[in-house]
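Following: one structure in structure tokens, then a few remarks.
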Amino acid sequence: MKVAISPAAVPSASYRRSLRRAQRNRLIASAAAFAFLLIGWQLFSLSQPAYVFPSLPHVFQDIAGFASDGILWSATFATVKSVAAGAFASLVIGTLAGFALKKYESFFGPLLNFAQTVPYVVWALMSMIWFGLTQASVIFTIFIAGFTIIAFNVAAGLQQVDQQLIEMGVSVRANSFMTFRHITLPSLTPYLVSGSRTMVAVCWKIVVLAELFAGGASGGGIGYNLYVGWEFNRTNEVFAWTVWLVVLMLLTDWLVIAPIARLANRWKKS
């Protein structure tokens with residue numbers, strides 16, 4: 001049996017052209033922003049001594065030197081491993097905590113607010129006491145900084161679920177799994193994706209603090225090497241590790257978070 005498709009359901013050629021034009025404009029704007037940043041960096045470096053603000057060629061030369069020595073890859077692997085473990089734990093525990101917060105807000109609300117209010121520096125210090133100078137302390141610090149972000153976003157998403165749709169599902173005798181799959185999850189997905197993007201960004205920032213406190217016991221990650229550069233007054237190395245960290249953050253967003261967001265929101269497309 002053939003199913004007739006309404007012409008209104010098929011995107012018109014003009015709509016597709018406008019969509020491609022909007023995407024092209026976003027790419028041009030992003031490229032212009034990066035060009036502005038790079039040019040501004042280089043111009044400012046010309047007015048400062050190299051030990052205060054190194055130039056971009058000097059920074060990239062240091063990154064290439066780290067790569068040829070193998071330090072870049074070992075440090076990157078140690079940091080990525082800590083960020084991945086902490087972010088995964090934050091996503092799983094934070095999602096469960098978000099459901100618990102929605103159902104028992106009066107009990108879990110103060111606990112999550114307390115965990116979020118305590119400064120990350122304090123959590124890093126406490127993790128050193130509880131886990132010692134190990135990579136586990138780094139992962140715990142990342143986790144404690146990220147899971148509350150997921151929890152509050154999941155709870156906010158659950159608050160926005162249309163109760164009329166829930167009642168409609170009950171009226172047609174949909175079971176709990178069908179209700180969650182077709183009603184709750186689509187409403188929750190934008191909040192979960194947005195919270196994950198924020199959480200991952202926070203994890204990349206916190207890992208530097210945690211690795212700095214843990215020292216070489218953290219696995220010799222980026223944060224530790226950044227601290228070594230600062231301790232020995234090698235400003236160019238501090239900037240080189242910082243730029244490399246930003247590159248990793250952007251790659252994570254482009255290659256991991258953005259594809260997941262497109263996959264999760266594919267049901268919105270015509």
Side-chain angles (χ1 to χ4, degrees), residues 54 59 62-95 97 111-151 195-253 255-257:
V59 169
D62 286 334
I63 295 176
F66 295 150
S68 62
D69 294 338
I71 301 175
L72 185 73
W73 311 121
S74 60
T76 300
F77 177 74
T79 299
V80 168
K81 185 167 61 174
S82 297
V83 170
F88 179 76
S90 297
L91 182 62
V92 174
I93 304 300
T95 301
L111 296 178
L112 291 174
N113 281 319
F114 170 79
Q116 190 178 50
T117 303
V118 175
Y120 298 143
V121 175
V122 176
W123 283 120
L125 291 173
M126 297 305 295
S127 65
M128 299 299 114
I129 297 173
W130 295 335
F131 301 99
L133 299 178
T134 62
Q135 196 167 22
S137 65
V138 176
I139 295 173
F140 176 79
T141 306
I142 295 171
F143 158 73
I144 205 70
F147 93 100
T148 54
I149 298 174
I150 297 295
S196 298
R197 176 173 272 125
T198 304
M199 179 267 294
V200 170
V202 169
C203 289
W204 276 111
K205 296 174 184 177
I206 295 301
V207 72
V208 176
L209 174 68
E211 289 180 339
L212 188 151
F213 279 17
S218 65
I222 295 175
Y224 169 71
N225 285 280
L226 196 152
Y227 171 73
V228 170
W230 172 83
E231 186 177 22
F232 290 96
N233 201 26
R234 297 196 287 259
T235 309
N236 54 306
E237 292 188 7
V238 174
F239 277 87
W241 287 112
T242 302
V243 169
W244 181 243
L245 185 70
V246 172
V247 170
L248 291 177
M249 292 174 62
L250 293 176
L251 289 176
T252 303
D253 188 74
L255 301 180
V256 180
I257 301 298

Enumerate, atom names and distances included, each donor-acceptor pair closer than 3.5 Å involving a side-chain atom of residues 65-73, sequence neighbours excluded.
unit_1: Ser68; atom_1: OG; unit_2: Ala64; atom_2: O; d: 3.4
unit_1: Ser68; atom_1: OG; unit_2: Gly65; atom_2: O; d: 2.8
unit_1: Trp73; atom_1: NE1; unit_2: Ala67; atom_2: O; d: 3.2

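The list of side-chain hydrogen bond (donor to acceptor under 3.5 Å, both in side chains) pairs with a residue in residues 197-206, not counting sequence neighbours, reads Arg197-Asp253, Trp204-Thr252.
The side chain to side chain contact (heavy atoms under 4.5 Å, CB included) with Val207 is formed by just one residue from the set Ile222, Leu212, Val80, Val83; it is Val83.
Shown here for Ser127 and Ala124, the closest heavy-atom pair between the two residues is OG-O, 2.7 Å. Taking each heavy atom of Ala85 and Ile139 in turn, the nearest pair found is CB-CD1, 3.8 Å. Nearest approach of Ile150 to Gly94, heavy atoms of both residues: CG2-C, 3.6 Å. The minimum heavy-atom distance between Ala87 and Ile142, with the atom names listed, is N-CG2, 4.3 Å. Considering every non-hydrogen atom in both Gln135 and Ser82, the closest pair reads NE2-OG, 2.8 Å. When every heavy atom of Leu112 is checked against every heavy atom of Ala151, the shortest pair comes out as CD1-CB, 3.9 Å.
Going from atom CD1 of Ile144 over to atom CD of Gln116 covers 11.0 Å, rounded to the nearest 0.5 Å. Distance CG/Asn225 to CD/Glu211: 8.5 Å, rounded to 0.5 Å. To the nearest 0.5 Å, atoms CG (Leu209) and CG (Leu125) are separated by 8.0 Å. Cys203 SG to Ile149 CD1: the interatomic distance, rounded to the nearest 0.5 Å, is 7.0 Å. Interatomic distance, CZ of Phe131 versus OG1 of Thr141, reported as 8.5 Å (0.5 Å rounding). Taken to the nearest 0.5 Å, the CH2 atom of Trp244 stands 7.0 Å off from the CG atom of Leu251.
Of the possible polar contacts, none joining the Ser137 side chain to the Leu133 backbone as a donor-acceptor pair under 3.5 Å is found.
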**Request:** Report the C-alpha distance between Leu245 and Val247 in whole Å, list the side-chain angles of each, state the deciding distance to 0.1 Å, and finish with yes or no for side-chain contact (heavy atoms from CB on, under 4.5 Å).
**Result:** CA-CA 5 Å; Leu245 185 70; Val247 170; over 6 Å; no
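In this pair, Phe147 and Phe143 present their aromatic rings parallel. The plane angle is below 30°, not in the 30 to 60° band.
Residues Tyr120 and Trp123 place their aromatic rings such that the two centres sit no closer than 6.0 Å.
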